[in-house]
Amino acid sequence: MGKTYNVAVIQGDGIGPELIDAAFIVLDAVTKKHDFAILRTEVDGGAVTYERTGETLSAENIEVVRTADATLKGPVGLPHVRLADGTEAGLLGGVLRNGLDLYANLRPIVLLPGVASPLRVEPGSIDYVIVRENTEGLYAARGKGVGNSWAVADTLLVTRAGCERISRFAFEIALQRSGSPQDGVRRVTCVDKANVLRSMYFFREVFLEVASEYPGIEVECLYVDAAAQALVMQPGHFDVIVTENLFGDILSDLGGGTIGGISLCPSGNIGDACAYFEPIHGSAPAIAGQKKANPLGQILASAMMLDYLGELEAGNAIRRAVATALSSGSVRIDPLGGAIGGPEVASMVIAEQL
Ligand code: IPM
Ligand code: MG
C-alpha cells in the first residue's frame, strides 16, 4: 500500500459542497488506481460558518489547514454576508493566504480540446501560468482601508522580500515547463504598471534583479493594460506571467474567459510549508443545488494538489481524463461555463475515464 496523505477539506459556500463531492468522486478513483490514500479532515469555513459562529475559520481549524499535507477548498463567500466596512465577511484569503504566508498563487490557463474559445485559436495554443503574488500588493489593504464618508484609501504595499520570492517562484516554474506554445521559448513576463506607480517600478526592478540569476529564460516586462490586450490577441506568446496581487486576480479571470470560462480554472495557494487548492471562481449561490455547476475547476485543482503532494502521475491522469472527457463530448460545457448534466454526472464520466 502506498502513502496516506492528510488532506483538510473546506467545502465552502453555494456550489462548494457539490463541487467537493464531484472532486472526491474523481479522487477516489485515482487513489485506488495509483495506490495511495487520502485521509479527509472536514474543516468548517466561509460565509455560512461566519453567520453561525462569528468567525470565518476558527483558530483551531487554521491549525488543521496549516498542519495538513494539503488542503482542498471549495469557493466561499455569500454576497449578503458582509463586514461593517462593506467587504465580504465569508472570504478566507485574509486568514489563509496572509495568515499562512501562502505567497504564490499559481493559476494555469490552458485551452483544452473540445472547449470552444471565443478567440479563433486551436486547443494547445493557449497554455500559460499566472503567478499571482498572494500576500501583498493592493490586497495588503484588506481589512485596513481608512476613510470617512468623503474619502477612502486602500494602500498598495510591496516589499523587496515579497517581490524577490514571487519572482524566483515564477522562474522556477518556468524551468519546469517547456516554453510558450507559439515558439517554445521559456519566458517569464513581468506584468506591472511601472510607468505610473512607484511601487510597480520597484516590483519590476526587483524582478529584473532575480531574472539575472536565470540566464536561460527570456525575460520581458509589460504594462498591465497592454498585457490585457496581448492575452486576448496573442495568448500563445505567454509561458509564465508574474504579477501583483490585484492584477493577477483580474488577468486570471480574463485568461479564463479565453479558455471557456473561469469555471474551468484551478489554482494553488502555495507557501514554503503548506498549500491549499481551489477553483478561481466564486460560490455562485444562485445556481447551488441545481445540477448546473461545472466541477472542472475544482477537479483540476485537486490534480494540482496531487502534483504538490508528489503524486505527479495521478495529477496527470486526472488532467488527461478531463481532456478526454471534453474532446469526446462526454462532458460538455454550456456557453456560460456550466456543465451540462451537472457536477455529479461530469465527475462520474471523468472517474470512468480513469
Ligand atoms: C480569487 C477570488 C478572490 C480574490 C475573492 C473571492 C476574494 O476572486 O481567488 O481570484 O479576489 O482573490
Ligand atoms: Mg478572482
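Everything quoted here is computed from the prediction, not taken from an experiment. In each ligand, atom 1 is the first atom listed, and ligand 1 is the first ligand listed.
Ion pair R165/D272 not flagged as a salt bridge, since none of the NZ, NE, NH1 or NH2 atoms sits closer than 4.0 Å to an Asp/Glu carboxylate oxygen. One finds a salt bridge joining R168 and E213 here, because a Lys/Arg side-chain nitrogen approaches an Asp/Glu carboxylate oxygen to under 4.0 Å. Between D249 and R132 there is a salt bridge, with a side-chain nitrogen of the basic residue lying less than 4.0 Å from a carboxylate oxygen of the acidic one. Under a 4.0 Å N-O distance rule, the pair K3/D69 does not qualify as a salt bridge. A salt bridge is absent between K33 and E311; no separation between the charged side-chain nitrogens and carboxylate oxygens falls under 4.0 Å. Between K292 and D334, none of the side-chain N atoms (NZ, or NE/NH1/NH2) sits under 4.0 Å from a carboxylate O, so this pair counts as no salt bridge.
Tally of protein N, O or S atoms closer to the Mg ion (ligand 2) than 2.8 Å: 1.
Between F171 and F207, the ring planes are parallel. Angles under 30° get that label, and only those over 60° would be called perpendicular.
In summary, the side chains of T49 and E51 do not present any donor paired with an acceptor at a separation below 3.5 Å, with no hydrogens or angles considered.
For ligand 1, the protein residues placed under 4.0 Å by at least one non-hydrogen atom are L91, R97, R107, R132, Y139, D249, I280.
For the side chain to side chain contact (heavy atoms under 4.5 Å, CB included) with P279, the lone residue among P295, P75, S263, S267 that qualifies is P75.
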